[in-house]
2 protein chains.
Amino acid sequence: MQELITDILKRNQLSVTESRRKILELFHQSKGALAHADIEQSSAEHFDRVTIYRTLQTFVDKGIIHTIPTSDNSVRYALCKDECSAGHHHDNHVHFICDQCDTTYCLDHVSVPSLKMPNGFEAKQTDVVVSGICKNCQS
Amino acid sequence: MQELITDILKRNQLSVTESRRKILELFHQSKGALAHADIEQSSAEHFDRVTIYRTLQTFVDKGIIHTIPTSDNSVRYALCKDECSAGHHHDNHVHFICDQCDTTYCLDHVSVPSLKMPNGFEAKQTDVVVSGICKNCQS
DNA sequence: ACTATTTCGCAACTTTGTTGCAAAAAAATT
DNA sequence: AATTTTTTTGCAACAAAGTTGCGAAATAGT
C-alpha cells in the first residue's frame with residue numbers, strides 16, 4: 001500500500017510528504033468520497049486545516065481526486081480513475097449519495113447519458129448526482 | 001408585476017413584506033438563477049444578510065424557489081415551476097451553467113433520464129447539471 | 001553532507017452562514 | 001380605524017469555512 005501511494009505522488013511530480021501520503025491513504029482506504037471535515041476529524045492523525053485545504057487542491061490540480069457536486073452544496077472529493085491527468089478530468093460517471101448514511105459513491109459502471117441541448121446551448125460536461133438508499137442501508 | 005408578486009406570496013400564506021416582494025421580484029426579472037451574493041449586491045436595494053438567508057430559506061420551504069447543485073459547490077436558487085408546492089419539489093429538469101458568463105439556466109424542456117442503478121442501490125432523486133457555452137455566449 | 005526548493009504550520013484575516021432578541025412591520029381582531 | 005397579536009426584520013455576537021503571508025521544517029537535488 002505504501003508503495004502504491006508513494007508511486008502515485010511521484011508519478012505526479014509531487015514531493016512525497018507525510019501529510020500527502022496519509023491523506024491519499026485515507027482516500028484509498030475509504031469506500032466513498034471524503035469531505036474536508038472527514039479528513040480533519042480523522043482520529044488517527046492530526047492535520048493542520050490549511051495543509052488539508054492545500055493538499056486537496058493540489059490533488060485536484062494533478063487529477064488525483066475530483067470534486068463531487070452535491071445537492072446540499074457541501075464539497076466532497078473522491079479518487080479519480082486512471083484516465084484522469086493534470087488539468088484534465090474525465091469523470092463521466094454517475095455519483096450516488098445515500099440519504100441515510102450520507103456515503104458518496106462513484107458508480108463507475110453507470111455512465112452519463114448524452115442529452116440533447118436546446119438550440120444555442122453547447123454541452124461540454126455533464127454531472128449526474130443520484131440520491132436515495134445505498135446497498136448498505138437497505139432494510 | 002407587483003400584483004403577481006403579491007399574489008404568489010399570499011397563495012403561500014406568507015406575510016407580504018417589502019423584502020420578500022423585492023427579492024421575489026429580482027428572481028422574476030432575472031433570466032437565470034441567483035446566488036445569495038447576487039441579491040446582496042443588488043445595487044437597487046440594500047437587504048440585510050440575515051434577511052436574505054431567511055427569505056431564501058422560506059421560499060425554498062414553500063416551493064417558490066429551488067436550489068441548484070453546482071460543480072463548484074456554490075449555492076444558487078431559481079424559481080420553481082407551478083407544480084412545486086410546499087415541502088414537495090418537482091424540479092426534474094436539467095440545469096445548465098455557462099462556463100463563460102456563469103449564468104445558470106433551468107432547461108425546462110430537457111428532462112432527466114432515468115438510469116439503471118446497480119443492485120442494492122435505490123434511486124430517489126436525480127440531479128443533472130450540464131456546463132458549457134450558453135446561447136448568449138456563442139461567438 | 002550540503003544547498004536549493006518545496007511544503008508545513010501558525011497567526012491573522014475574510015467570507016459565509018447561524019442564533020437570540022428587541023424593535024418594527026404586517027395581519028387579525030374588535 | 002384603532003388596538004392587539006403575530007410575524008418579520010435588523011443588529012450584534014457568534015460559529016464555521018476558506019484564504020494568505022511568512023518563518024521554520026522537511027524534502028529533493030547535487
Side-chain angles (χ1 to χ4, degrees), chain A residues 2-3 5-26 33-42 44-62 64-77 86 102 104, chain B residues 2-3 5-26 33-42 44-62 64-77 86 102 104:
Chain A
Q2 287 304 322
E3 282 150 38
I5 301 289
T6 302
D7 196 50
I8 293 172
L9 293 173
K10 284 196 173 155
R11 260 210 309 275
N12 286 282
Q13 293 140 46
L14 291 175
S15 310
V16 179
T17 69
E18 200 181 314
S19 329
R20 284 178 182 163
R21 274 196 290 104
K22 291 271 171 64
I23 291 176
L24 189 48
E25 199 174 347
L26 280 180
L34 296 176
H36 181 277
D38 295 328
I39 297 168
E40 197 173 348
Q41 288 152 25
S42 147
E45 213 74 29
H46 174 74
F47 303 105
D48 189 81
R49 268 161 27 82
V50 179
T51 303
I52 299 173
Y53 281 117
R54 289 197 270 228
T55 304
L56 290 172
Q57 190 53 55
T58 303
F59 286 176
V60 170
D61 291 344
K62 290 292 186 178
I64 301 173
I65 59 177
H66 61 276
T67 59
I68 300 173
T70 59
S71 32
D72 67 335
N73 285 285
S74 64
V75 189
R76 302 193 189 188
Y77 303 86
D102 216 45
T104 304
Chain B
Q2 286 304 322
E3 283 150 38
I5 301 289
T6 302
D7 195 50
I8 292 173
L9 293 174
K10 285 196 174 158
R11 262 210 307 275
N12 286 281
Q13 292 139 46
L14 292 174
S15 310
V16 180
T17 67
E18 200 180 316
S19 329
R20 285 179 182 161
R21 273 197 290 105
K22 292 269 171 65
I23 292 176
L24 189 49
E25 200 174 346
L26 280 180
L34 296 175
H36 181 278
D38 296 326
I39 298 169
E40 197 173 349
Q41 287 152 24
S42 147
E45 213 73 30
H46 173 74
F47 303 106
D48 189 81
R49 270 162 25 81
V50 179
T51 302
I52 299 174
Y53 281 117
R54 290 198 270 228
T55 303
L56 290 172
Q57 189 54 56
T58 303
F59 286 176
V60 170
D61 290 344
K62 291 292 186 177
I64 300 173
I65 61 177
H66 61 276
T67 59
I68 300 172
T70 60
S71 33
D72 67 334
N73 285 286
S74 64
V75 190
R76 301 192 189 189
Y77 303 86
D102 214 44
T104 304

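Naming convention: chains lettered A, B, ... in sequence-line order (proteins, then strands); numbering from 1 in each chain.
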With B:Y53, which residues qualify under ring pair (Phe, Tyr, Trp, His ring centres under 6.0 Å), at least two apart?
-> B:H36
Name all residues meeting the ring pair (Phe, Tyr, Trp, His ring centres under 6.0 Å) criterion together with A:F47; count only those two or more places apart in sequence or in a different chain, and write none if there are none.
-> none
Do [X] and [Y] have side-chain heavy atoms sitting under 4.5 Å apart?
X     : Y     : answer
A:I64 : A:L14 : yes
A:R11 : A:I8  : yes
A:L34 : A:I65 : no

What is the distance, rounded to the nearest whole Å, between atom CG of A:L56 and atom P of D:dT19?
-> 11 Å
Pairs under 3.5 angstrom, nitrogen or oxygen only, protein versus nucleotides 9-16 of chain D, please.
{"unit_1": "D:dT9", "atom_1": "OP1", "unit_2": "B:T17", "atom_2": "OG1", "d": "2.8"}
{"unit_1": "D:dT9", "atom_1": "OP1", "unit_2": "B:S19", "atom_2": "OG", "d": "3.4"}
{"unit_1": "D:dG10", "atom_1": "OP2", "unit_2": "B:T51", "atom_2": "OG1", "d": "2.7"}
{"unit_1": "D:dG10", "atom_1": "N7", "unit_2": "B:R54", "atom_2": "NH2", "d": "3.1"}
{"unit_1": "D:dG10", "atom_1": "O6", "unit_2": "B:R54", "atom_2": "NH2", "d": "2.5"}

Listed partners of A:S15 passing side-chain hydrogen bond (donor to acceptor under 3.5 Å, both in side chains), at least two apart | none
Does atom CD of B:Q2 have more than 12 heavy-atom neighbours from other groups under 6.0 Å away?
-> yes
Rounded to 10°, the helix from C:dA1-D:dT30 to C:dT30-D:dA1 deviates from straight, judged by its five-pair end axes, by 40°
When you match A:V16 and A:A37 each to their closest nucleotide on DNA chain D, which lands nearer the 5' end?
-> A:A37
Heavy-atom contact window of chain B on DNA chain C, given 5' to 3' at under 4.0 Å | C:dT16 to C:dA27
